[in-house]
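Worksheet for the structure shown next.
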Amino acid sequence: MLTADIPPNQSIYIKNLNEKIKKEELKRSLYCLFSQFGRILDVVALKTPKLRGQAWVAFSEVTAASNAVRQMQNFPFYDKPMRIQYAKSKSDCITKADGTFVSRDKKRKQEEKVERKREETQGPNMANGPTSQNGAAPAPPFQPSGQEAMPPNNILFIQNLPHETTSVMLQLLFAQYPGFKEIRMIDAKPGIAFVEYEDDVQSSMAMQALQGFKITPQNPMIISFAKK
DNA sequence: AGCACA
């Protein structure tokens, strides 16, 4: 057993990412792809030699991270299967929120002190005022309706449409997103539709973008992956 | 393979 002994963490560590993707795009795509599991507080990706091809996604809940680790394991993302584990330590955005954040210089100084004066004392420099105020990412529309447990699929299932919705109307909305293929509606079942994309990444992006979109004020769209 | 955030 290799990597599975890392304890659960509300942040996940992703490796084997395609290193050709620019940092900003990568972060946006990860944000879209993973917000199906819960509220995302932060996405971190660096292109330094040590850290390229890796990223961290911090969720507001450990359970979201757990689902993401399981369901997105080996998910083909920019042509490479993602390898996902729990992160080894808490993200700064988390420790900042719970008040345990220690700035990096301070941490370095603390470690130096411990090394220099090994037996003198442990300086309780608890002068870390609640450094909270997390610059949290904008909250995506997310409905914990139990539907988000469905594994990714290139076909989306749309619910709560007004009965007068036509496929042309839906096409207008969904064709904005790359990979769009077709809308399917069933006359005998008003209020629902299926939308097909070329692959699961693209369907995920559209889902994230249009989740909760209101065709009428009473009809926020409920979008989930279709059952296989 | 590689666990950071300034």
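Here the structure is a predicted model, which means the values were calculated and not measured.
Counting only residues at least two apart or on different chains, no ring-ring contact (aromatic ring centres under 6.0 Å, His included) pair has a member in residues 75-94 of chain A. For residues 52-62 of chain A, the set of pairs meeting the side chain to side chain donor-acceptor pair (under 3.5 Å) definition, not counting sequence neighbours, comprises A:Y13-A:Q54.
The A:E19 side chain lies nearest to B:dA1 when the options are B:dC3, B:dA1, B:dC5. Considering only side-chain atoms of A:R52, the nucleotide from B:dC3, B:dG2, B:dA4 that sits closest is B:dG2.
Using modelled atom types and a 3.5 Å distance limit, the side chains of A:T216 and A:N219 yield a donor-acceptor pair. A:T100 and A:T95 are not linked by any side-chain donor-acceptor pair at a separation below 3.5 angstrom, with hydrogens and angles left out of the test.
Computed from coordinates, the A:L26 CG to B:dA4 C1' distance equals 14 Å when rounded to whole Å. Distance NZ (A:K96) to P (B:dA6): 7 Å, rounded to an integer number of Å. Nucleotide B:dC5 holds its C1' atom 8 Å from the CZ atom of A:F101, rounded to whole Å. When the P atom of B:dG2 is taken as reference, atom CH2 of A:W56 falls 12 Å away, rounded to whole Å. When the C1' atom of B:dC5 is taken as reference, atom CD1 of A:I14 falls 15 Å away, rounded to whole Å. Counting to the nearest Å, the P atom of B:dC3 and the CG atom of A:N16 are 14 Å from each other. Distance A:D42 CG to B:dC3 P: 19 Å, rounded to the nearest Å. Regarding A:N18, its CG atom lies at a distance of 19 Å from the P atom of B:dG2, rounded to whole Å.
Checking A:Q54 against A:L46, the closest nucleotide of DNA chain B that is more toward the 5' end is the one next to A:Q54.
We find that A:K23 and A:E25 are not joined by a salt bridge, their nearest charged nitrogen and carboxylate oxygen being 4.0 Å or further apart.
Looking only at side-chain heavy atoms (C-beta outward), A:N153 and A:K228 come within less than 4.5 Å of each other.
Nucleic acid contact class of A:K90 (heavy atoms, under 4.0 Å, all strands): base.
Contacts between residues 59-66 of chain A and DNA chain B, defined by a heavy-atom separation below 4.0 Å, involve no residue at all.
Under 3.5 Å, the side chain of A:T48 and the base of B:dA4 form no donor-acceptor pair of N or O atoms.
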Checklist entry - Given the rule in the side-chain contact (heavy atoms from CB on, under 4.5 Å) test, do A:L17 and A:M82 qualify, once you have shown the distances and angles that lead to the verdict? => result CA-CA 6 Å; A:L17 293 169; A:M82 291 195 281; 4.1 Å; yes

